[in-house]
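First up is the structure itself, then whatever we jot down about it.
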Amino acid sequence: MKQYFGLDISMEETSICVLDENGGVTFEGNAPTDPEAIAKLLRRHAGNAERIVFETGSLSNWLWRQLRTLGFPFICLDARHANAALSMRINKSDQNDAKGLAEMARTGWYWQVAVKRGGELEHPFDAGGSNQVGESAARPRQPDARSV
């Protein structure tokens, strides 16, 4: 049976929630925000991990690189999109956010960002194009040499 993980990362502790393919909670817990501690917990509970997701943030580049090398199917989510979805929940807590992220992973309702080689996160709309609802990108384009 497929499993979907949500990780809510904080400086000291990471909240983790695991859902099965029907949306049932199979595990909820915490681990220190350390790649080795998180990897140990994932090895114990991620036998059939389909997706493991967490939001962009100050620690996401570091954790993504450390944990991705171990072969886990990690996906880094756009924090603005995830925050909009998670803010609709009644009880705001790290554990509930982890569950919400796991639900987003299970349903496929998320915007993935790519982690660049240099450590920066690349948002799909950073190129200055339009987003899906027809608005301009949040970050303006830098002027090129021809316009200076």
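Owing to the predicted nature of the structure, the values given are computational and were not obtained by experimental measurement.
Within the 4.5 Å cutoff, the side chain of R80 has no heavy atoms near those of the T56 side chain. When side chains are defined from C-beta on, N22 does not count as touching R106, because their heavy atoms never get closer than 4.5 Å.
Between L59 atom CG and Q66 atom CD the span is 11.5 Å, to the nearest 0.5 Å. Taking CH2 from W62 and OG1 from T33, the interatomic distance works out to 7.5 Å, rounded to the nearest 0.5 Å. One finds the SG atom of C76 at 7.0 Å from the CG atom of N61 (value rounded to the nearest 0.5 Å). The CD1 atom of I16 sits 8.5 Å away from atom CD of Q95, with the distance rounded to the nearest 0.5 Å.
At a threshold of 4.5 Å between side-chain heavy atoms, the hydrophobic network of Ile, Leu, Val, Met, Phe, Trp and Tyr places Y4 and F72 in two separate groups. Side-chain heavy atoms closer than 4.5 Å link hydrophobic residues (I, L, V, M, F, W, Y) into clusters, and following such links, even through other members, never connects V18 to V25.
Listed for the T14 side chain is no donor-acceptor partner under 3.5 Å among the backbone atoms of P32. Without hydrogens or angle criteria, Q3 side chain to E21 main chain gives no donor-acceptor distance under 3.5 Å.
Of all heavy-atom pairs spanning L7 and L101, the tightest one is O-CD1, 3.3 Å. Nearest heavy-atom pair, T26 versus L19, reported as atom, atom and distance to 0.1 Å: OG1-N, 4.4 Å. Smallest separation of non-hydrogen atoms from S58 and M11: OG-SD, 4.3 Å. Scanning both residues, S15 and A98, for their nearest heavy atoms gives O-CB, 3.5 Å.
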Table please: side-chain donor-acceptor pairs of residues 36-52 below 3.5 Å, with sequence neighbours left out.
from : atom 1 : to   : atom 2 : distance (Å)
N48  : ND2    : M1   : O      : 3.3
R51  : NE     : Y110 : OH     : 3.3
R51  : NH1    : A105 : O      : 2.3

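Residues forming a ring pair (Phe, Tyr, Trp, His ring centres under 6.0 Å) with F54 (at least two apart in sequence, or on another chain): F74.
Evaluation of the salt bridge (charged side-chain N to carboxylate O under 4.0 Å, His left out) test over residues 94-103, restricted to residues two or more places apart or in two chains, returns R89-E103, K92-D97.
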